[in-house]
Amino acid sequence: YPTWKRTLTRRAREAQMKRFCKAQAIQRRLEEIEVTFRELEQQGIKLEKLLRDEDGTPADQKTQWMNQLLYLVQKKNSLMSEESDLMIAVQELKLEEQQWQLDQKLRCYMNREESLKTPEDRTAEQEILVQLLEVVNKRNVLIHIQEEKRLSEL
């Protein structure tokens, strides 16, 4: 087994593990965001009740509650934006994995001697190439969406 093949195999495993670890980190963060959403919602409900029920409360106290409520809304919007970014990252990881798998299949077909390929092999090779192009285009769209989002936030 040539050294270059072992090196490629090792690098492929490392890249796959890196994607897996990144996916796990994203999943943990999404769960944390979900918990924080629930906490913010509970705090928001309490503040809304205080604002509705307390007619004899001083204006300073009501202003403070309103400011807290606005802060909660701002924090929730920030978390929603982060969640959106993470969902895009999840899609990107899926497409990256799909691209890697298609690339491996394509390499198998391309490494065969041209004279030994059957018409079915050539057709399968073309189909894989088309699928690979679709995945690359989808990844390009995700990158474009991220760039637009980044520019709109600026």
Side-chain angles (χ1 to χ4, degrees), residues 1-49 51 65-154:
Y1 206 63
T3 304
W4 64 271
K5 283 188 177 182
R6 282 194 308 259
T7 302
L8 285 177
T9 304
R10 182 177 42 81
R11 285 184 182 163
R13 274 195 314 266
E14 288 171 357
Q16 195 169 22
M17 282 303 296
K18 187 177 177 182
R19 285 191 299 274
F20 179 73
C21 290
K22 190 174 180 181
Q24 281 185 322
I26 290 171
Q27 184 61 39
R28 276 192 303 275
R29 183 60 188 142
L30 286 171
E31 289 169 3
E32 290 170 2
I33 288 173
E34 187 64 34
V35 168
T36 307
F37 271 150
R38 281 191 233 116
E39 291 171 358
L40 291 175
E41 188 156 326
Q42 291 302 316
Q43 291 173 7
I45 290 170
K46 288 177 186 176
L47 285 170
E48 282 183 35
K49 284 181 181 178
L51 282 168
W65 289 338
M66 273 304 268
N67 287 338
Q68 288 176 349
L69 191 60
L70 291 173
Y71 172 75
L72 291 178
V73 170
Q74 184 181 27
K75 194 169 183 179
K76 186 175 179 182
N77 287 341
S78 172
L79 286 173
M80 287 176 69
S81 176
E82 183 181 355
E83 184 181 41
S84 171
D85 289 342
L86 291 173
M87 295 307 287
I88 290 172
V90 166
Q91 287 297 320
E92 196 170 346
L93 283 173
K94 285 179 182 177
L95 290 173
E96 194 175 314
E97 179 68 23
Q98 193 176 359
Q99 182 177 348
W100 178 80
Q101 290 172 355
L102 289 170
D103 189 50
Q104 294 304 309
K105 288 180 185 177
L106 187 61
R107 284 178 193 269
C108 288
Y109 283 110
M110 293 180 94
N111 286 337
R112 291 185 188 162
E113 186 65 39
E114 196 64 37
S115 60
L116 299 176
K117 289 183 184 177
T118 65
E120 291 82 18
D121 289 342
R122 288 185 181 89
T123 304
E125 186 177 341
Q126 287 301 312
E127 288 175 8
I128 291 171
L129 192 57
V130 167
Q131 291 174 349
L132 192 58
L133 287 173
E134 287 175 6
V135 168
V136 169
N137 286 334
K138 287 178 184 177
R139 287 184 70 189
N140 188 37
V141 167
L142 283 179
I143 290 169
H144 184 69
I145 290 170
Q146 284 177 320
E147 185 63 20
E148 282 183 356
K149 189 172 188 257
R150 186 186 68 79
L151 290 174
S152 70
E153 288 175 356
L154 291 177

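The pair Arg10-Glu14 meets the salt-bridge criterion, since a charged nitrogen lies less than 4.0 angstrom from a carboxylate oxygen. Contact check on Arg29 versus Glu82 returns a salt bridge, with a Lys/Arg side-chain nitrogen under 4.0 Å from an Asp/Glu carboxylate oxygen. Taking 4.0 Å as the cut-off between side-chain N and carboxylate O, Glu147 and Arg150 count as a salt-bridged pair. For Lys149 and Glu153, the salt-bridge test passes: some basic side-chain N is under 4.0 Å from an acidic carboxylate O.
Across all non-hydrogen atoms, the minimal contact from Leu116 to Asp121 is O-OD2, 4.4 Å.
A distance of 13.0 Å separates CD1 of Ile143 from CD of Glu148, quoted to the nearest 0.5 Å. To the nearest 0.5 angstrom, Ile45 atom CD1 is 11.0 Å from Leu69 atom CG. Distance CD1/Ile26 to CE/Met87: 9.5 Å, rounded to 0.5 Å. Considering CD1 of Ile128 and CE of Met110, their distance stands at 10.5 Å, rounded to 0.5 Å. Rounding to the nearest 0.5 Å places OG of Ser84 at 9.0 Å from CD of Gln146. A distance of 11.0 Å separates CE of Met17 from CZ of Arg19, quoted to the nearest 0.5 Å.
Under the 4.5 Å side-chain criterion, counting only non-hydrogen atoms from C-beta, Glu41 is in contact with Lys76. Proximity of Trp65 to Glu48: side-chain heavy atoms (C-beta onward) are nowhere separated by under 4.5 Å. By the 4.5 Å heavy-atom criterion applied to side chains, Leu86 and Ile33 are counted as neighbours. Looking at heavy atoms from C-beta onward, Ser78 lies out of side-chain contact with Lys75 at the 4.5 angstrom threshold. Side-chain contact between Gln74 and Leu70 is absent, with no heavy atoms from C-beta onward closer than 4.5 Å.
Other residues, nucleotides and ligands contribute more than 12 heavy atoms inside 6.0 Å of the CD atom of Gln104. By the 6.0 Å contact criterion, CZ on Arg122 is enclosed, its count of non-hydrogen atoms from other residues, nucleotides or ligands being greater than 12. For Glu31, the CD atom counts as densely surrounded, since its 6.0 Å shell holds more than 12 non-hydrogen atoms of other residues, nucleotides or ligands.
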Next item on the list: Any chance you could lay out the side chain to side chain contact (heavy atoms under 4.5 Å, CB included) test for Val73 and Leu40, step after step, and finish with the verdict?
Entry: CA-CA 8 Å; Val73 170; Leu40 291 175; over 6 Å; no

Next item on the list: Any chance you could lay out the side chain to side chain contact (heavy atoms under 4.5 Å, CB included) test for Arg139 and Gln91, step after step, and finish with the verdict?
Entry: CA-CA 8 Å; Arg139 287 184 70 189; Gln91 287 297 320; over 6 Å; no

Item checked: Criterion side chain to side chain contact (heavy atoms under 4.5 Å, CB included) on Glu114 and Lys117, from CA distance to verdict -> CA-CA 5 Å; Glu114 196 64 37; Lys117 289 183 184 177; 3.3 Å; yes

Margin query: Applying side chain to side chain contact (heavy atoms under 4.5 Å, CB included) to Leu95 and Val136, what does each step give before you reach the verdict?
Written below: CA-CA 8 Å; Leu95 290 173; Val136 169; over 6 Å; no

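The main-chain N or O of Leu133 is found under 3.5 Å from a side-chain atom of Asn137 such that the two form a donor-acceptor pair. In this structure, the side chain of Ser81 does not engage the main chain of Asn77 through any donor-acceptor pair within 3.5 Å.
Partner of Gln16 under the side-chain hydrogen bond (donor to acceptor under 3.5 Å, both in side chains) criterion, out of Arg11, Glu97, Gln101: Glu97 alone.
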